[in-house]
Visitor: 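I'd like to ask you about the structure that follows.
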Amino acid sequence: MLAAAASLSSQLKDSGSTSAFSARTVLSGTSGVSTRSPSVDSEAPPQLTSLKTRLALDTERSISKEPKLKKGGMGAIAVTLGREELRKRADFCILKLMCVRNLLPTIVDTHEWKVFVHELNPRYEPTSSTTFVDKHIPSEAAQVRLLQLEVLKGYHNLTLTYDGGSIRKPQSVYTVHITTPDRRVFFVEGDEASREHHTAEYVKALITRVIKRVGEDRFSGICSDNTGNTRKARELLVLDLPYIINLQDCCHQLHNTSKDITQLSDFRELVSSLRKIVKYFKKSNIAAAELSSARAEEGAGLRGLQSIGKTRFATVYWSANSLCASLPLIRRLVSSGKLVLRDVSFEKALLEEGTVAGMHFEIQLRRYISIVGPIARAIKSLEATDATAADVFVFWHSIAATSRDLLGRPETETSITPVLAEKIRGIINKRFKEIIDQAPTDVYFTTFFLHPKYARADILAKPTSISNTIIIPAARTGRTIGTSKAPDDDSRAAPNPRAHRRATEFLKKQLRNELKRNADHFALRGKKPSDVVQEFRRQLLAYAKGEWPFNAPLDEARGDGRPVMQWWRDIAEHPHAQILAMLAIKLYSIAVNSMADERTASNFTWFNTALRNHQNVGTLVNMIQIRQWYLNAEEFKERPPRTAPTVSWANIDKSLLERRLAAEEELSDDEFFREWPALSDPSGTKAAGGPTCTAEADRAEDDLKSDEFKADDQLDLCSATLRTLLGDRFEEEESDTESDGLYGLGSHGSPSGRAGLADGHSGDDVDDEAMWDF
């Protein structure tokens, strides 16, 4: 790898070069250069000369002062080596400018660049762009990939994510990322296969090669969106590697939920008007200037209108939210005559004060925002690299709880008709079922259950005297209840039997897989499988009851922002907790979104502009890998790695969110991975990719109707924890003297859960079904 350097200017100055400017040159504010103006009696040239001529003269004088060295002598060799070292250091700095800050490679071939570097050091001979593109950048990218591999081989419980797209050339590319448990993200592969059919088998072969390169036993999760070939590739992979947990991207699913609601016929006219109004203010210089001036006078930090993009999650919501905030200002401008609406494609009355049409438009706008808002906020929260499977489970139920509260209010208060409410419930139920109930595994609920804050909190539904449900376990073949061979049901001793039983089923499968692939783990090493299983049962029940050693409080200020992971790591080597801790750490290490691929897609768009449309995938991949490597290196120097805190809307830095939305606005034409389908206009015609405005589409909407939320009955949707998770502030939970409290701390003595369990089987075969029958 080329030697590292702090900056191009400092490196070249340190090499001993002198300024090419004489003392008479006026360069105000330039370090190391005199800013004195020529004195009256100083020798002046007979006539004004060009800067280029003066530079050439100064350079000749500087070089003429150098001592003459014997050709082939030691002095000449030393000078040659010194200049070669200078070239390497300078080229490395320039390479970083190209890859990290997107400096055009061809700029180094321009006359202006050559003059610039000549001023820094006349001894540096500029390297051509061809050398950078064909030699330096590929070599540095290859070195970065070796360093990535070296880092990744020091981790376990890695997560692989992937997605596909195309560039302007056109060429197709599949990006592959690996996320570590401490949430360091590495762009490890950019596969260009434009002549290949990207079938599920092809994608599976690609990600398998990456996994084998790092080490199969180092991976615990795989995540992607749920399109046909990406979903099928995940399914094929876990058939070969069953210990890897299969997850679909949680943000895409929430985005699809907001899209389904937005495309309802109830919002067709609203979205059409919204598009036209925002487009008018983006295209009209006068309207944009007047609104910008009014925002500045308001002094409240009000941001501008946000366009409806093709790639931004919940883009219509963020656009509607920005218009709603600016609507009073716009109407004030129109009423005062400062803004005259001419040649507009929307109804002028929508932006006029005191009109029926304007009031109706605002009511519809606020209705839409109140419905889609919880989903959009959940997306922003779960886009975080730190999001965990427990967060996904909680946020989906928070959406259900918030929507349940909203749709339960009178129509006169919300303007939501009973028919619209039924459609919204149906959409949320459908998408919830796809990601939670029909997920390949029950990872979301189990990770939630292993969160010490939630395991015994009020968020878990509790049977009441009115609805006292008796749950009868399914009959087990070959067993007779009441005999010595009857299976033991540990959940009967747990505070929440249903939750315990559900978590047990998933964790049994994970433990079975770990016994097969990770038998050398310190929690399993040298132990009989039957002993491990029995110890696991004891530990899970002790955790469910909040008994020692699982009674330590969760300090959310610890662990550098990773309290849950730190809580489990603190007890990971405890002999009475290590098996359950091993499984919990695995689940909390897994990344649940493929936002790494989305962020790399934005980098592709940033590099691959219309003026650089001849770039190849290989060049772009190399440059972006170098960029991310050095940016991550700087980031992790400034702060320690963070892992898996519980995210929430109230905890999001709103000023940071504003800057992020502004940055997304600049990349609104990003079409790398996905597009937002264009919505239909009020005329009833179908826009490209949009909903069909026909009786058939209306019948499809009717089929979605539901009169209640089908969210998992394990949780209490009336919980204040759920209702406020997507709000701007938290509400205090109601006290419950009969419960164990929010953290569910039990006694500090020895765990009573360790008594009363069966002694276990004597078999040592992991696949002995009798061993797992509990």
Side-chain angles (χ1 to χ4, degrees), residues 144-164 174-191 193 199-224 229-249 389 439-441 443 446-447 506-525 527 529 532 572 579 581-594 596-597 625 643 765-767:
V144 164
R145 287 190 282 270
L146 290 175
L147 292 173
Q148 286 179 339
L149 192 61
E150 182 181 340
V151 172
L152 291 170
K153 286 189 174 182
Y155 284 95
H156 286 87
N157 292 324
L158 300 170
T159 305
L160 184 142
T161 63
Y162 59 96
D163 207 342
Y174 257 87
T175 61
V176 183
H177 292 75
I178 296 176
T179 304
T180 66
D182 54 13
R183 295 311 192 254
R184 299 184 67 177
V185 180
F186 297 90
F187 175 28
V188 296
E189 184 73 45
D191 180 69
T199 62
E201 290 74 15
Y202 178 87
V203 177
K204 185 246 184 180
L206 168 64
I207 58 181
T208 299
R209 287 198 303 270
V210 174
I211 289 174
K212 288 183 176 180
R213 191 187 310 156
V214 179
E216 294 179 352
D217 61 335
R218 298 184 181 278
F219 287 85
S220 292
I222 184 170
C223 180
S224 72
N229 57 343
T230 55
R231 183 190 69 251
K232 184 65 175 177
R234 297 197 316 265
E235 294 171 351
L236 292 174
L237 180 74
V238 297
L239 290 177
D240 294 339
L241 307 173
Y243 49 83
I244 293 181
I245 297 176
N246 178 3
L247 301 96
Q248 76 172 89
D249 178 79
T441 65
V443 61
T446 307
T447 310
F506 176 75
L507 290 173
K508 282 196 302 184
K509 297 176 183 177
Q510 293 304 309
L511 180 58
R512 195 168 187 168
N513 289 330
E514 293 304 310
L515 282 168
K516 292 180 179 180
R517 74 125 175 187
N518 202 14
D520 196 44
H521 189 281
F522 67 86
L524 307 176
R525 190 184 304 125
K527 298 178 182 178
V532 170
I579 296 175
M582 174 190 69
L583 299 176
I585 290 172
K586 174 182 178 178
L587 298 186
Y588 273 96
S589 297
I590 297 173
V592 294
N593 61 53
S594 58
D597 298 271
Q625 284 182 327
T643 300
D765 184 3
V766 175
D767 292 322

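Since the model is a prediction, treat every value here as computed from it, not as a measurement.
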Visitor: Is Tyr243 close to Leu515 at the side-chain level, that is, under 4.5 Å between some pair of heavy atoms?
Guide: no
Visitor: How close do Ala581 and Ala572 get, counting heavy atoms only, and between which atoms?
Guide: CB-CA, 3.7 Å
Visitor: Anything under 3.5 Å between a donor and an acceptor, one on a side chain of residues 204-213, the other on a protein residue two or more places apart or in another chain? List them.
Guide:
residue, atom, partner, partner atom, Å
Lys204, NZ, Asp240, OD2, 2.5
Thr208, OG1, Lys204, O, 2.6
Arg213, NH1, Glu189, OE1, 3.4
Arg213, NH2, Glu189, OE1, 2.9

Visitor: Decide yes or no on side chain to side chain contact (heavy atoms under 4.5 Å, CB included) for Leu507 and Thr446, but give the supporting numbers first.
Guide: CA-CA 8 Å; Leu507 290 173; Thr446 307; 3.6 Å; yes
Visitor: Among all residues two or more places apart in sequence or in another chain, which pass the side chain to side chain contact (heavy atoms under 4.5 Å, CB included) test with Ala584?
Guide: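 Here the qualifying residues are Leu450, Trp568.
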Visitor: Kindly indicate whether the side chain of Leu511, heavy atoms from C-beta on, has any atom under 4.5 Å from the side chain of Ile579.
Guide: yes
Visitor: Which value, rounded to the nearest 0.5 Å, describes the distance between Thr175 atom OG1 and Asp597 atom CG?
Guide: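 Answer rounded to 0.5 Å: 3.5 Å.
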Visitor: Restricting to non-hydrogen atoms, name the atom on Arg183 and the atom on Ser589 that form the minimum distance, rounded to 0.1 Å.
Guide: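 Minimum heavy-atom separation between Arg183 and Ser589: NH1-O, 2.8 Å.
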Visitor: How would you list, by chain and number, every residue that makes a side chain to side chain donor-acceptor pair (under 3.5 Å) with Thr159, sequence neighbours excluded?
Guide: none
Visitor: So with a 6.0 Å cut-off around NZ of Lys527, is the heavy-atom count from everything else above 12?
Guide: yes
Visitor: Regarding Tyr588 and Asn157, do their side chains bring together a donor and an acceptor under 3.5 Å, going by distance alone?
Guide: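 Looking only at side-chain atoms, Asn157 and Tyr588 do not form any donor-acceptor pair under 3.5 Å.
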Visitor: Sequence neighbours excluded, which residues qualify as salt bridge (Lys or Arg N to Asp or Glu O under 4.0 Å) partners of Arg517?
Guide: Glu514
Visitor: If you look only at distance, which donor and acceptor atoms sit under 3.5 Å apart when one is on a side chain in residues 144-153 and the other is two or more places apart or in another chain?
Guide:
residue, atom, partner, partner atom, Å
Arg145, NH1, Asn622, OD1, 3.2
Arg145, NH1, Gln625, OE1, 2.5
Gln148, NE2, Phe187, O, 3.2

Visitor: So, taking the atom named NE2 in His521 and the one named CE in Met582, what distance separates them when rounded to the nearest 0.5 Å?
Guide: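 The NE2 atom of His521 sits 6.0 Å away from the CE atom of Met582.
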Visitor: Is any side-chain heavy atom of Asn518 closer than 4.5 Å to a side-chain heavy atom of Asp217?
Guide: no
Visitor: Write down the atom of Leu247, the atom of Ile245, and the distance for their closest heavy-atom approach.
Guide: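 Shortest heavy-atom separation between Leu247 and Ile245 comes out as CD1-O, 3.4 Å.
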Visitor: Where the side chain of Arg525 meets the backbone of Asp520, is there a donor-acceptor pair that is under 3.5 Å apart?
Guide: yes
Visitor: Take Gln248 and Arg234 through the side chain to side chain contact (heavy atoms under 4.5 Å, CB included) test and state the conclusion after the steps.
Guide: CA-CA 9 Å; Gln248 76 172 89; Arg234 297 197 316 265; 3.6 Å; yes
Visitor: Tell me the closest heavy-atom pair linking Ala596 and His177, and the distance in Å.
Guide: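 The pair with the smallest heavy-atom distance is O-NE2, 3.5 Å.
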Visitor: Considering residues at least two apart in sequence or located in another chain, which fulfil the side chain to side chain contact (heavy atoms under 4.5 Å, CB included) criterion with Thr230?
Guide: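 Side chain to side chain contact (heavy atoms under 4.5 Å, CB included) list for Thr230, sorted by chain: Tyr162, Tyr174, Ser224, Asp225, Thr227.
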Visitor: Could I get the full list of salt bridge (Lys or Arg N to Asp or Glu O under 4.0 Å) partners for Glu235, not counting sequence neighbours?
Guide: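 Partners of Glu235 by the salt bridge (Lys or Arg N to Asp or Glu O under 4.0 Å) criterion, ordered by chain and then number, come out as Arg231.
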Visitor: Kindly say whether Arg184 contributes a backbone atom to a donor-acceptor pair with the side chain of Thr180 at under 3.5 angstrom?
Guide: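 Yes, the answer is positive, given that a donor and an acceptor are paired below the 3.5 Å cut-off.
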Visitor: Is a donor on one side and an acceptor on the other found under 3.5 Å between the side chain of Arg218 and the backbone of Tyr155?
Guide: yes
Visitor: For the residue pair Leu241 and Phe219, establish whether any side-chain heavy-atom pair is separated by less than 4.5 Å.
Guide: no
Visitor: Taking side chain to side chain donor-acceptor pair (under 3.5 Å) as the test, write out the residues that go with Ser594, two or more places apart.
Guide: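 Result, side chain to side chain donor-acceptor pair (under 3.5 Å) vs Ser594: Asp249.
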Visitor: I want to check something: taking the side chain as every heavy atom from C-beta on, are Asp191 and Val176 in contact at a cut-off of under 4.5 Å?
Guide: no
Visitor: Who pairs with Ala200 by side chain to side chain contact (heavy atoms under 4.5 Å, CB included), at least two apart in sequence or on another chain?
Guide: Lys232, Leu236
Visitor: Kindly give the heavy-atom pair with the smallest separation between Ile590 and Gly221, and that separation in Å.
Guide: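 Residues Ile590 and Gly221, closest heavy atoms: CG2-CA, 4.2 Å.
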Visitor: Any side-chain heavy atom of Leu587 within less than 4.5 Å of one from Phe506?
Guide: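 A side-chain contact under 4.5 Å exists here.
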